[in-house]
Protein chains: 4
Amino acid sequence: MSADLVEWRRLFHARPETAFTELWTSAAVAAELRRLGLRVRTGRDAIDLSGVPALPGRDELDAAFARARAWGAGEDDLAPARDGHTAVVADIEGEAPGPTVAVRVDIDALPLRESAAPEHVPARDGFASLAPGTMHACGHDGHIAVGLELARRLASGGIAGRVRLLFQPAEEGGRGARAMLDAGALAGVDRLYALHLGLGLPVGEVAAGTHGFFANAKVRAVFTGRQAHAAAAPEEGRNALLAAAQAAVALHALPRFASADTRVNVGVLRAGTAPNVVAGRAEMALELRASDGGACDELERRARLVLAAAGAGGEVAVDVERIGAATTAVCDPAAVRAVADAARSLAPVTAVHEDHRFGASDDATLLMRDVQARGGTATYAVVGASSPAPHHSPEFDIDEASLGIAADVLERAVRSAAGGGA
Amino acid sequence: MSADLVEWRRLFHARPETAFTELWTSAAVAAELRRLGLRVRTGRDAIDLSGVPALPGRDELDAAFARARAWGAGEDDLAPARDGHTAVVADIEGEAPGPTVAVRVDIDALPLRESAAPEHVPARDGFASLAPGTMHACGHDGHIAVGLELARRLASGGIAGRVRLLFQPAEEGGRGARAMLDAGALAGVDRLYALHLGLGLPVGEVAAGTHGFFANAKVRAVFTGRQAHAAAAPEEGRNALLAAAQAAVALHALPRFASADTRVNVGVLRAGTAPNVVAGRAEMALELRASDGGACDELERRARLVLAAAGAGGEVAVDVERIGAATTAVCDPAAVRAVADAARSLAPVTAVHEDHRFGASDDATLLMRDVQARGGTATYAVVGASSPAPHHSPEFDIDEASLGIAADVLERAVRSAAGGGA
Amino acid sequence: MSADLVEWRRLFHARPETAFTELWTSAAVAAELRRLGLRVRTGRDAIDLSGVPALPGRDELDAAFARARAWGAGEDDLAPARDGHTAVVADIEGEAPGPTVAVRVDIDALPLRESAAPEHVPARDGFASLAPGTMHACGHDGHIAVGLELARRLASGGIAGRVRLLFQPAEEGGRGARAMLDAGALAGVDRLYALHLGLGLPVGEVAAGTHGFFANAKVRAVFTGRQAHAAAAPEEGRNALLAAAQAAVALHALPRFASADTRVNVGVLRAGTAPNVVAGRAEMALELRASDGGACDELERRARLVLAAAGAGGEVAVDVERIGAATTAVCDPAAVRAVADAARSLAPVTAVHEDHRFGASDDATLLMRDVQARGGTATYAVVGASSPAPHHSPEFDIDEASLGIAADVLERAVRSAAGGGA
Amino acid sequence: MSADLVEWRRLFHARPETAFTELWTSAAVAAELRRLGLRVRTGRDAIDLSGVPALPGRDELDAAFARARAWGAGEDDLAPARDGHTAVVADIEGEAPGPTVAVRVDIDALPLRESAAPEHVPARDGFASLAPGTMHACGHDGHIAVGLELARRLASGGIAGRVRLLFQPAEEGGRGARAMLDAGALAGVDRLYALHLGLGLPVGEVAAGTHGFFANAKVRAVFTGRQAHAAAAPEEGRNALLAAAQAAVALHALPRFASADTRVNVGVLRAGTAPNVVAGRAEMALELRASDGGACDELERRARLVLAAAGAGGEVAVDVERIGAATTAVCDPAAVRAVADAARSLAPVTAVHEDHRFGASDDATLLMRDVQARGGTATYAVVGASSPAPHHSPEFDIDEASLGIAADVLERAVRSAAGGGA
């Protein structure tokens with residue numbers, strides 16, 4: 001099994017899997033890395049799910065497993081990942097002593113229905129999502145392809161120290177990074193490069209560093225009231241749908257902060273069973289973000305007050321659970337410089353930025369902070385990828401010319417760091 | 001295949017099917033009626049779905065079909081009902097001229113998860129729902145059993161005129177009665193008896209007539225906004241979840257009426273895909289009721305204003321569709337008297353009421369009005385059935401002692417009417 | 001000082017005073033009753049304000065006092081009422097032993113701006129409100145005139161027992177009746193007649209009894225948050241306006257009851273000081289009603305939960321106070337019969353009803369229950385008065401032909417009761 | 001009449017007047033400027049109110065006039081300002097040709113109740129507000145004192161060109177600057193210095209320039225529904241209070257923008273008359289701000305959609321009016337440098353900043369843009385003033401040591417500019 005960057009990307013694009021169900025994906029990645037002769041860690045050796053909230057249920061995991069099998073994943077590759085252990089870590093040992101340089105690649109897709117419009121390239125060229133309602137709408141398909149290409153190139157040698165490739169699940173939910181840290185996957189890393197394609201940069205432009213990470217808390221709330229016949233006994237009900245709707249409205253009305261840029265989004269709401277039944281149950285997923293960690297904590301505190309109050313007003317119980325988080329982070333000048341230098345020497349690169357405003361969240365920040373806490377350095381690099389539509393929209397698509405640039409930039413940055421020290 | 005009242009009831013209780021997916025149910029009913037030698041109409045001969053809104057989709061119908069097959073329904077019985085034509089009409093011809101007396105039996109179940117508590121009789125005695133998330137929580141399982149028992153008794157003869165048994169789907173959604181009328185199923189009926197078990201009456205009590213029907217409009221609203229990344233571009237979104245939540249809150253705040261008793265219930269709300277995406281789509285199902293038809297129309301008019309406004313405020317398109325309706329009706333004294341006389345002569349009947357307050361809706365009212373419009377008479381009779389929990393709750397259960405009483409009352413009322421004239 | 005019914009009514013119509021500020025009104029009533037030679041109780045002898053919530057403040061009382069003086073009230077008549085003790089009680093002693101028959105007349109006006117339209121009779125004929133923003137929009141001006149006329153007629157003698165005239169303030173707020181009870185004003189009453197003009201009946205029709213009283217709780221809520229600069233530090237604020245608005249919306253969304261007819265109305269909301277300041281304070285007045293006392297209590301319990309929750313969600317303190325109440329009551333057949341008999345014998349009366357549906361609240365019910373609790377009897381009589389607009393609207397006006405009818409009916413009913421025993 | 005800086009400040013602090021009612025204030029300012037022998041323009045010569053929305057009504061203006069008289073303002077000084085023409089412009093002619101340098105001083109107070117706490121200096125030292133519910137809570141009292149001191153110093157001569165002092169009303173509402181522009185008050189100005197005390201800077205620090213102005217739109221919305229009796233005919237009502245509350249909640253839930261920092265505040269809500277009346281009228285004042293003018297326009301567009309929708313949903317008419325506005329502006333380096341140089345040479349100044357983040361709005365930006373559009377230069381200078389509480393709070397107070405610093409900085413900056421050219 002072998003494929004070039006575009007083939008890989010399209011293979012993954014067509015087989016999107018959401019957080020912790022990346023079974024086919026991790027199996028394919030692990031198989032390829034082993035084919036290259038690398039030392040590969042999978043399953044419980046790569047990720048520790050014991051602290052992860054809101055894991056997919058048995059039914060969802062089983063369905064994903066069946067689908068991965070149907071898509072041709074090997075039984076041996078699937079087995080360790082079966083219960084959501086979908087991370088893959090590969091180490092490439094250098095030929096001389098040197099630092100450990102890690103590259104982080106996120107692999108999960110989003111619960112979005114992909115556009116079927118004829119002008120949408122994946123639809124037009126036959127590699128659109130095979131999983132209805134799931135889509136690689138953030139470019140992680142490209143990240144995986146770049147990660148595998150990088151593995152292929154580095155496997156052939158010529159490095160000092162060690163290079164570690166981190167294929168991380170569940171970035172979108174903000175849960176995978178923490179779980180890989182818990183399994184020790186970052187141990188010994190001296191420098192970390194996180195990669196993202198797109199983010200508003202056109203093909204040819206590269207940002208060696210990023211600022212403007214939002215700290216982030218993702219929260220799930222379950223409202224439990226009491227069902228009742230909507231005509232014969234409405235006052236016997238305790239309306240969970242109404243409480244959830246009131247909470248949704250009130251959450252969006254949380255105050256703006258002068259001290260930080262903030263975001264509030266109730267993104268999912270599911271309530272009730274039938275129009276003639278007072279709804280006894282509702283479920284909500286929301287997220288809170290702030291450009292400052294303390295402000296994010298304060299926003300989450302207030303959101304929990306709003307949720308509790310919406311329940312209390314209608315005698316509906318509300319259970320609130322944190323289901324994901326990211327933090328802010330600062331890129332290190334040395335790491336930024338290494339990426340910038342790598343990018344500047346490349347022909348197709350038309351512009352190199354030292355800094356790019358992110359304006360969103362990524363749990364790579366947890367990995368960056370971990371490395372930095374131990375004296376290492378990190379950066380979050382962006383490689384332009386000209387999409388016709390924003391990230392997380394059904395028409396999102398990356399220009400595949402970005403893939404080679406990303407592989408070249410990372411290869412050079414890794415080689416320079418691994419060769420020269422972080 | 002033969003079974004007594006309790007056996008039948010439990011058989012149907014365990015195999016609940018919601019509106020227009022009553023495939024196993026209608027197949028089983030048709031098979032039994034044919035076994036009794038009756039003239040049976042099914043499929044397009046019994047129901048005309050051309051005017052029915054919001055029919056189940058292809059996937060849901062196919063799944064129901066597969067399930068009905070798995071439960072053992074015969075292929076010939078299933079075929080005509082396959083696309084939602086789940087009504088069954090049987091005529092029993094009398095031995096002498098006389099009026100046509102119809103009995104209406106509704107057969108659909110609710111999208112509710114049945115209680116698994118050990119004190120819930122169906123759970124304890126092993127006949128709980130085999131279809132998770134679907135439940136006979138309104139007693140229609142008992143209605144079907146009574147209808148089949150009545151067929152068995154009347155099939156043996158001794159009546160004048162004609163008796164017509166109407167097994168109606170989709171009562172809960174308020175769509176089945178209209179569709180059976182459209183197919184001409186009520187043609188020629190001189191007297192109509194509609195039956196309901198329970199409704200707050202204990203076993204042993206019978207109400208020969210009912211008042212307090214709510215006119216009813218069931219409505220579906222689809223909100224279409226625009227998805228966006230919740231952190232990177234929230235202002236690009238048009239938040240369908242927020243619009244739907246605002247609508248839900250505002251709908252419940254519609255004014256009470258002094259001129260009529262009213263009800264408003266948003267019973268279902270589904271919106272969004274992920275916490276970090278501004279939701280581009282939401283779907284809502286609600287119902288409006290009033291003790292007066294004009295007030296119900298006015299309430300629906302105002303609800304549509306609220307829905308449109310919630311969309312307009314957030315630049316979200318809102319499509320509103322009526323998905324069901326019932327009206328008010330008045331029972332005729334002659335029909336009430338016939339049932340009351342029948343009930344009074346029965347030993348296990350401890351009390352007979354001329355009138356009972358319903359306080360809910362039933363599209364049997366459309367059938368009653370149709371019969372009355374042609375000079376016939378009708379009543380809606382209630383046979384007490386002592387449930388431990390209200391209708392439409394997961395713990396609902398009928399006392400099976402009610403089944404025999406219901407069969408006896410209806411048999412006598414039918415025989416007297418058929419014998420003596422409406 | 002003397003005036004006929006119409007003159008009296010117009011005098012009071014032009015000088016409307018709201019709850020507990022009826023200073024000119026009570027002074028004029030007391031003066032006239034004393035002129036007739038009756039034994040009159042005023043001030044603390046007629047009403048006990050110690051348990052009354054939300055009395056007008058010093059400023060409002062002083063302003064009303066100055067206005068009453070400017071309108072020509074006598075100092076001696078004003079003095080006892082000065083601090084809100086605006087009830088007047090007069091006893092007319094009969095010439096022979098007999099029961100005590102009371103007539104209750106409410107005297108307060110509403111905080112409404114009266115119509116200045118040329119077709120509005122008080123505006124056209126020059127007796128519109130002299131107090132901008134205050135209006136006799138419920139007919140109490142007519143009640144007072146009828147009460148004084150009754151006093152004049154009965155003062156001339158010819159009765160047995162005793163007749164007590166109860167001029168009650170603060171009916172609209174639901175506070176005056178309780179306070180007069182607390183002062184013992186109902187002591188010894190054997191029969192009570194409460195009078196209301198209008199209520200949907202045309203001139204010439206009389207209802208001797210009334211049903212459909214709503215139990216009623218009036219509530220005031222004060223929200224105390226924290227002011228902040230809306231641009232420089234919005235997160236420092238605790239938005240009392242927002243909490244109050246959320247509460248208002250949620251209160252209107254309290255469920256309808258199947259067990260009772262209910263009403264919810266947030267009628268007043270005042271919040272904030274300037275658009276660029278996060279509001280630190282809001283005040284709300286609302287009322288809850290139900291056709292059943294227990295349902296009203298339950299509705300009030302839920303409303304308090306909603307108010308508390310709206311505060312808790314935004315860290316805003318909420319103080320909730322009951323500021324008025326009424327209950328349900330049932331008219332006694334003997335009292336109803338007496339009024340009906342009186343009405344039937346009158347020429348201008350075209351129809352006499354035994355019963356009329358009220359559909360609102362009146363704290364006369366507290367007086368009725370008090371009399372009934374001691375073995376007495378009571379009724380709430382309605383004399384038709386054909387208004388061009390509903391009660392409590394700026395165009396409300398009574399047909400003055402109703403005044404003589406009311407005086408005649410009450411005089412006869414009182415004489416018959418006082419003469420013959422309750 | 002003469003007073004030093006602190007005396008002046010306390011005089012004005014005790015006599016706060018809100019937008020367009022600064023009658024005593026402008027009379028006192030004009031009198032002092034005339035006493036100094038300056039050429040003074042007042043009334044219609046200083047301000048054109050023809051385009052000003054939401055001016056105070058006749059009653060409010062008359063009450064302010066009576067109060068100003070009671071506070072001792074001279075009749076001649078009061079007369080031109082009587083109808084809200086409360087601006088004062090004074091020109092000081094230099095002894096040689098040169099540029100025209102203007103200083104803008106805002107003079108209005110806020111509708112806030114001042115703290116009476118013993119630790120609040122104005123309360124402790126006896127110069128707290130004499131107008132209950134009105135307060136100089138933004139430091140404009142100090143601005144006026146500084147403006148008068150500046151006039152006194154410059155009146156003694158020694159300048160080239162011309163100095164113009166602009167005493168502007170109605171800054172808080174964002175209406176005074178536009179109206180002074182309309183009267184031509186800025187004609188010929190080559191350089192503009194706007195002054196603000198406080199804004200988070202401690203005494204001793206000076207910021208010579210400011211960024212982070214919010215563009216601002218202040219909006220008033222009047223909701224007109226239909227009153228009705230809350231119990232007898234709630235469905236006849238069209239609830240203006242409910243519509244306004246729904247709008248308030250929905251406005252606060254307008255989306256955050258990624259492209260700009262935004263603010264939304266509904267600061268005032270007044271609705272309804274009595275708890276038992278469905279409210280027929282509500283009034284709301286709100287403001288929208290954004291760090292970018294286009295985003296502010298977009299936010300206002302969406303707010304108007306929300307307001308219209310809240311009305312449409314309840315059949316309540318909504319009239320929306322812009323009642324004030326400010327824009328963003330950029331300080332010119334030359335003007336900033338002049339202030340910075342002036343400040344650096346002063347002994348009590350401990351730190352001079354070239355730039356300060358404002359984070360609020362001021363309609364001085366309209367004046368700055370006007371001067372800049374004609375080729376002139378401008379800056380917005382901040383002189384630190386250590387308040388124990390934020391601007392716009394009841395405990396706000398300026399450290400009076402700031403007054404002398406402000407006068408010194410402005411005098412030097414004016415003299416240097418007037419002497420040397422803008």
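Bear in mind that the values here come from a model prediction, so they are computed numbers and not experimental data. Computation of the quantities below employed the complete heavy-atom set of this structure, encompassing side-chain atoms and omitting hydrogens, waters and symmetry-equivalent molecules. Residue numbers start from 1 in every chain, and the chains themselves are labelled A, B, ... in the order their sequence lines are given, proteins ahead of strands.
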So for [X], is it side chain, backbone, both, or neither that comes closer than 4.5 Å to the heavy atoms of chain A?
X	result
B/Pro390	neither
B/Ala360	both
B/Gln227	side chain
B/Asn239	side chain
B/Arg270	both
B/Glu172	both

Sub-4.5 Å side-chain heavy-atom contact between B/Val249 and A/Leu242: yes
When rounded to the nearest 0.5 angstrom, what distance separates [atom1] in [X] from [atom2] in [Y]?
X	Y	atom1	atom2	value
B/Asn276	A/Leu286	CG	CG	11.5 Å
A/Met135	B/Thr273	CE	OG1	11.5 Å
B/Leu269	A/Leu269	CG	CG	4.5 Å
A/His252	B/Gln246	NE2	CD	9.0 Å

So which residue, [options], ends up with the most heavy-atom pairs under 4.5 Å with chain B?
options	result
A/Pro111, A/Cys138, A/Gly324	A/Pro111
A/Gly280, A/Gly272, A/Gly212	A/Gly272
A/Pro275, A/Ala245, A/Gly237	A/Pro275
A/Leu199, A/Thr18, A/Leu241	A/Leu241

Side chain, backbone, both or neither of A/Ala274 within contact of chain B (heavy atoms, under 4.5 Å): both
Contact summary for A/Ala230 and B/Arg263, nearest pair of heavy atoms: O-CD, 3.4 Å
Chi angles and distances behind the ring pair (Phe, Tyr, Trp, His ring centres under 6.0 Å) call for A/His229, B/His391: CA-CA 7 Å; A/His229 193 288; B/His391 289 258; 7.4 Å; no
Closest-packed option against chain A by number of heavy-atom pairs under 4.5 Å, given B/Gly133, B/Ala285, B/Ser361: B/Ala285
Over 12 non-hydrogen atoms of neighbours within 6.0 angstrom of CZ in B/Arg113: no
Full working for side-chain contact (heavy atoms from CB on, under 4.5 Å) between A/Val278 and B/Asn265: CA-CA 7 Å; A/Val278 175; B/Asn265 189 55; 3.9 Å; yes
